[in-house]
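Written below as structure tokens is the structure these notes are about.
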Amino acid sequence: MMGYEFVALSLPPIVIGVLAAMACALPGNFLLLRRQSLIGDAISHVVLPGIVVAFLLTGTVAALPMMVGAAAAAVVAVVAIEAIRRLGRVESGAAMGVIFTAMFAGGVLLLEQSDTSSVHLDVEHALYGNLESLIWLDAVGWQSLIDPAALALLPPELWRMALAFAVVCLATWLFWRPLKATSFDEGFAQSLGWPTGLIGMGIVIMAALAAVAAFDAVGSIIVIAMFICPPAAARLMTNRLGTQVAWSLAFAVLSAVLGYVLAGYGPLWLGYSASVSAAGMIATISGLILALAALFGPHRRA
Amino acid sequence: MLDALTFQLGYNAALVTLGATMLGFAAGAVGAFLYLRKRALVSDAISHATLPGLVLAFIGMVALGGDGRALGGLLLGSAGSALVGLWVTNWLTRTTRLSEDAAIGAVLSVFFGFGIVLLTVVQNMSAGRQAGLEGFLLGSTAGMLRSDAILIAVGSLVVLLATLYMRRPLLITAFDPGYAAVRGINTHRFDMALMVLVLGITVVGLKVVGLILIVAMLIIPPVAARFWSENAVKVVGLSALFGGLSGYIGAAASATAPALPTGPIIVLTSFALFVLSLLLAPGRGLLAMALRHRRLQKQVHIRQGLLALARNQAIYEGFTRRLLRRAGMMQADGVPTLEGRKEASQLLHDEALWQELRRSQTLSELAIRDDGLTRIAEVLTADQIAALDAQLGPKAVS
């Protein structure tokens, strides 16, 4: 009976959390090396107005229009940040701060103004997602994993997240050499004749794709935490990019699994009946991993 | 709306508006120093790091038998955890090879995540159902107590006065840390002091604007103010003014309708001020820049056109023809007018003088002033021009 409960209630959220964590951590490595980590923060804030506008236009909370709206908002934000930075000669951190707070405020206001009481759409959902609710009611136990009829009824978020992770992986594998060169030495890459501006834009697009796919399932907190904490911890473990990426993925998986299990079962072990937020716990675990790496990592100093 | 702007919606609403105005004023002033120091986003880490302390303070006050919602206690708790977050950010940047932006991102996401974990713990407590702690995420002035509003106004005032008291060392540290160190200013200590001021205003503003958007009050007004002036003191003043205005309009507008949350309105008001500044500010504004560009373009086109006329070359380029005709220097058929001829030959003469100036032993260093648009009479005296003229000799006549 334990097997049934685990497969139906815990396995899908864990798998989705792991996929989301890895999909965000992978591009996070390159953002970290390019000192653009906070782009991930900005993107995950502006996703809110994107989904609200998509909802107001279509009247549904279907996945596709939401994703399109979120992606469009991410593009608007990136373009606006760049425009303010160049045209207004504003420092990039401040330009980012202006745009993501204004767009997030706009999203909150739209949400409060429109009638969304009938659907499940609120700020809290965008912030900390709803990992716990992504359950697989049709599972009857481990044997369901080889039953096509039951597999077809897995939460659709799982397939979306798997697809996003596959795309991010493929892009990283295809463009490994230019990604590596531009992240460490943009001038050198430029001298080889590579379009560094285009590659930089590609990294941001990859990050946006991961963020948009992940926020729906797991919320912004995990997205931001996974963009930064696993790659940052991995950076303190090694000097080689390939090894760093591998470490970051391992840390992402560890955070997702351990975070979910602790959130779901931790309070039970302590004698409480209710569980705590899985998204928050996953972010907390990733922070603890980073803290350990910062204290004991072999390459923690420059 | 007018009632709200003129404090006519009752004593409490007026107090809230006053508190928000004061908050915006102080946040604008502190934010200006933060922006000039180029560390605007540190405030994002600080504000997100307030959440665990806020919730822990609530849990602590309930455990001690209080009702847990006393604003003073909650703010004290959030200040505590924000201080820890600030320390961790500095520690990560100082002792590891991670850059400051990675440290900021790590602190803000992890502290916020941990805060959410604690928040779900509170929601499962019997006293936690009506805690309304979620109100601190996005801010709410609904149901704010009179004492809360006074606490916010007074807290803002204290931060503002402390900022103004330290304005000189803060400015020197922001512009030239090396010089500040030579002057015997402990830059590290004033950086810390600035962060404490930021922390103070963040904590004070939690209730009104919410911890996700409070950074906007520290970032947007100074960015907007920077467009209007090159003078740091004026930037600080304008930034405070913009912040105060945003707080005032935001609080007043949200008092008129329940569906208008205070925080987002304040942020959007200051964003509107930013957009206006970006477009309209003289000097750095886009409109002024476009006009300057257009003027330069005209000058260059007229000059090239006149040089062509002086050499009896035909002009085919439409924009140049239009400019010359409008200035009365060329007829519709492309033939220069008398005035055009005069201008053209003067320009050619100027060119010859500039050439001669380059060869001159005493004046050649003035050649850097030759950008193609400066008339030589603006650089030299009449006597010097006459001397150069004499050296030009008969060549110029031909």
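Numbered from 1 within each chain, the chains take letters A, B, ... in sequence-line order.
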Examine whether an atom of [X] lies under 4.5 Å from a heavy atom of chain A, and if so say whether it belongs to the side chain, the backbone or both; otherwise answer neither.
X: B:L118; value: neither
X: B:D44; value: side chain
X: B:L137; value: side chain

Please identify, among [options], the residue contributing the most non-hydrogen atom pairs under 4.5 Å to chain B.
options: A:I222, A:I285, A:N239; answer: A:N239
options: A:A102, A:G287, A:A95, A:G97; answer: A:A102
options: A:I84, A:V223, A:L31, A:L32; answer: A:I84

Please answer whether the main-chain N or O of [Y] pairs with a side-chain N or O of [X] as donor and acceptor at a distance below 3.5 Å.
X: A:R86; Y: A:A83; value: no
X: B:T95; Y: B:L92; value: no
X: B:S99; Y: A:R35; value: no
X: B:T120; Y: B:I116; value: yes
X: B:R97; Y: A:H299; value: yes

Per-residue contacts, residues 37-47 of chain A versus chain B, heavy atoms under 4.5 Å
A:S37, A:L38, A:D41, A:H45
If you check every heavy atom in residues 288-295 of chain A against those of chain B, which residues fall under 4.5 Å?
A:L290, A:A294, A:L295
A:F227, part contacting chain B, at a heavy-atom distance under 4.5 Å
neither
Is it the backbone or the side chain of A:I282 that comes under 4.5 Å from a heavy atom of chain B, or both, or neither?
neither
Tell me the closest heavy-atom pair linking A:A105 and B:P264, and the distance in Å.
O-CB, 3.5 Å
Looking at A:M226 and A:P231, what are the two nearest heavy atoms and their distance?
O-CD, 3.6 Å
Would A:T182 and A:R34 satisfy side chain to side chain contact (heavy atoms under 4.5 Å, CB included), going step by step from the backbone distance to the final call?
CA-CA 8 Å; A:T182 47; A:R34 300 166 63 90; 3.8 Å; yes
Are the charged groups of B:R39 and B:E100 less than 4.0 angstrom apart, N to O?
yes
Can A:M237 and A:T243 be said to form a side chain to side chain contact (heavy atoms under 4.5 Å, CB included), step by step?
CA-CA 9 Å; A:M237 301 300 288; A:T243 323; over 6 Å; no
Heavy-atom contacts under 4.5 Å, residues 280-292 of chain B to chain A:
B:R284, B:L286, B:M289
In this structure, are over 12 heavy atoms from other groups packed under 6.0 Å from A:F30 atom CZ?
yes
Can you tell me if A:Y265 and A:S10 form a side-chain donor-acceptor pair at under 3.5 Å?
yes
Indicate yes or no: at least one non-hydrogen side-chain atom of A:S277 is less than 4.5 angstrom from one of A:M281.
no
State yes or no: are the ring centers of B:F274 and B:F271 separated by less than 6.0 Å?
yes
Contacts table for residues 210-232 of chain B: side-chain donor-acceptor under 3.5 angstrom, sequence neighbours left out:
| unit_1 | atom_1 | unit_2 | atom_2 | d |
| --- | --- | --- | --- | --- |
| B:R226 | NH1 | B:S229 | O | 2.9 |
| B:W228 | NE1 | B:S277 | OG | 2.9 |
| B:S229 | OG | B:N231 | N | 2.9 |
| B:N231 | OD1 | B:V233 | N | 2.9 |
| B:N231 | OD1 | B:K234 | N | 3.4 |

Chain A interface, residue from B:G115, B:S270, B:A40, B:A106 that has the most non-hydrogen pairs under 4.5 Å:
B:A106
Apply side chain to side chain contact (heavy atoms under 4.5 Å, CB included) to residues B:L34 and B:S43 and explain how you reach the verdict.
CA-CA 9 Å; B:L34 193 66; B:S43 57; 4.0 Å; yes
Kindly determine whether B:T96 and A:R301 satisfy side chain to side chain contact (heavy atoms under 4.5 Å, CB included), including the steps that lead there.
CA-CA 5 Å; B:T96 73; A:R301 282 168 216 284; over 6 Å; no
